[in-house]
Amino acid sequence: MPRLHKRSFRVANYDLGATLDSGQVFCWGERDGAWCGIIGERWVRMKQGRAIVAECIVDPGDWRWLRDYLRLDEDIEAIVETFPDDEAFQFATSACQGLRLLRQPKWECLASFICSASKQIVQIKQIVRNMSERYGAVIRTREGEEHAFPTAEQLARCTEEQLRECKTGWRAKYVLGSAQMVVNGEVDLDAVASMDCASARKELMRLPGVGRKVADCVLLFAYGFQEAFPIDVWIDRGLRELYFPRRKPTKKRLEAFTSNYFGPYAGYAQQYLFHYVRTRRQQEQS
DNA sequence: GTCCAGGGATTCA
DNA sequence: TGAATCCATGGA
């Protein structure tokens, strides 16, 4: 066993497991109560007791990168205070205590959500794993080695057929097309960070396979635009049931509603709503 | 066997 | 603008 670099982070109101398993990220695996994954090119193992204890193989420096990824400096209680004071959110906030948003690497988040279209979360994880194992860099881990998520350059070198073999299906041409546009500089993912939210969304939607929903996921989960509000099938159903019973709002009407009803941290509210409606459905079925 | 999944692009009215 | 359809794949 190689020597491990270890660091403990004191946290309050942070549920690491719920956060890493909440459908905003697809590269984490849990074993023996510990979560293992690769952030950028660093393998990390994290376990939560009273604190979050993180371990790395390679010297992690000042750990700033992990604080940023986990968004440890965010005041979640102040954020939850801004959520709507309605019945739905009384249930949602009590069902999702400690649920957080992450700040993911941009390309990985983007490519993952291009693959997410009309897929179940378990299948998205499989696709991400397939692409990583075949085309991602080899990373040293505690037990041996794993593969990082492939860069845009690595995926742009693939053929559409190779990407289909990762079980991407008809999304293969979108992944390839987006990778090529990022590599040749047609869309600069770093430059998007300095845009306002609407411009950033418009820029991301120039990429094939990226519509409003995928763009909003990336804006929220990678760029940290708090006002981004992805509306997927779960959120769509939830909004209609909770706020428009016996009515039939158009998509435009729903978007307009979400852009002011949920406050300055609408994106956070969205993640709580997403987690709530999904866990509620699971409980109804069991 | 059937329905549906953290949708997008295209077509047609 | 908006609805319908197609696109692979595999859970449930």
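Naming: A, B, ... by sequence-line order, numbering from 1 per chain.
- Atom name C1', nucleotides C:dC6 and B:dC4: the rounded distance is 16 Å, in whole Å.
- In this structure, C:dA12 and B:dT2 make a Watson-Crick or G-U wobble pair, each of the two defining distances being under 3.5 angstrom.
- Put simply, the side chain of A:Lys252 and the base of C:dT1 share no donor and acceptor less than 3.5 Å apart.
- Residue A:Lys167 is classed as a sugar-phosphate contact, given heavy-atom separations below 4.0 Å to backbone atoms only.
- Of the candidates B:dG7, C:dG2, C:dT9, the closest approach to any side-chain atom of A:Val214 belongs to B:dG7.
- Along DNA chain B, the nucleotide closest to A:Leu207 and the one closest to A:Phe221 are compared, and the more 5′ of them pairs with A:Phe221.
- Counting distance only, with no hydrogens placed and no angle test, the side-chain atoms of A:Gln271 and the base atoms of B:dG6 include a donor-acceptor pair under 3.5 Å.
- Residue order along DNA chain B, read from the 5' end via each residue's closest nucleotide, puts A:Pro230 first among A:Pro230 and A:Gly209.
- Taking atom P on both B:dG6 and C:dT5, the two are 23 Å apart, rounded to the nearest angstrom.
- Straight-line distance from the CZ atom of A:Arg253 to the P atom of C:dT1: 18 Å, rounded to whole Å.
- Distance, A:Tyr276 OH to B:dG6 C1': 19 Å, rounded to whole Å.
- Backbone-only contact: A:Arg212 has heavy atoms under 4.0 Å from sugar-phosphate atoms and none from a base.
- Taking the six-membered ring for Trp and the full ring otherwise, the centers of A:Phe262 and A:Tyr268 sit at least 6.0 Å from each other.
- Taking atom C1' on both nucleotides, C:dG11 is separated from B:dG8 by 22 Å, rounded to a whole Å.
- Remark: A:Arg280 is positioned above the aromatic ring of A:Tyr276, its terminal NZ or CZ atom under 6.0 angstrom from the ring centre and at most 45 degrees off the axis.
- Looking at heavy-atom distances under 4.0 Å, A:Ile114 makes no contact with the nucleic acid at all.
- Atom CG of A:Asp216 and atom C1' of B:dG8 are 14 Å apart (whole Å).
- A:Val214 and A:Phe26 fall within the same hydrophobic cluster, where Ile, Leu, Val, Met, Phe, Trp and Tyr residues are linked whenever their side-chain heavy atoms come under 4.5 Å apart, directly or through other members.
- Atom-to-atom, CZ of A:Arg164 to C1' of C:dG10 comes out at 16 Å; the value is rounded to the nearest Å.
- Using a 4.0 Å heavy-atom cutoff across all strands shown, A:Gly23 reaches at least one base atom of the nucleic acid.
- Both geometric conditions, a ring-centre gap below 5.5 Å and a plane tilt below 30°, are not fulfilled together for A:Trp234 over the base of B:dG6.
- Seen from the ring of A:Trp35, A:Arg45 does not count as a face-on cation partner, given the 6.0 Å and 45° thresholds.
- A:Ser22 comes within 4.0 angstrom of a nucleotide base, judged by non-hydrogen atoms across all strands.
- Following rounding to the nearest Å, A:Asp236 (CG) and B:dG8 (C1') show an atom-to-atom distance of 15 Å.
- Contact annotation: A:Arg237 side-chain N/O to B:dA5 OP1/OP2 distance is under 4.0 Å.
- Counting to the nearest Å, the P atom of B:dG8 and the NZ atom of A:Lys202 are 18 Å from each other.
- Residue-level contact check: A:Ser118 touches the bases, meaning some heavy atom is under 4.0 Å from a base atom.
- Spacing between atom CD of A:Gln120 and atom P of B:dG6 amounts to 5 Å, rounded to whole angstrom units.
- Computed from coordinates, the A:Gln126 CD to C:dT9 P distance equals 13 Å when rounded to whole Å.
- Looking only at side-chain heavy atoms (C-beta outward), A:Val233 and A:Asp236 stay at 4.5 Å or farther from each other.
- Note: A:Tyr272 and A:Phe83 meet the aromatic proximity criterion, with ring centroids under 6.0 Å apart.
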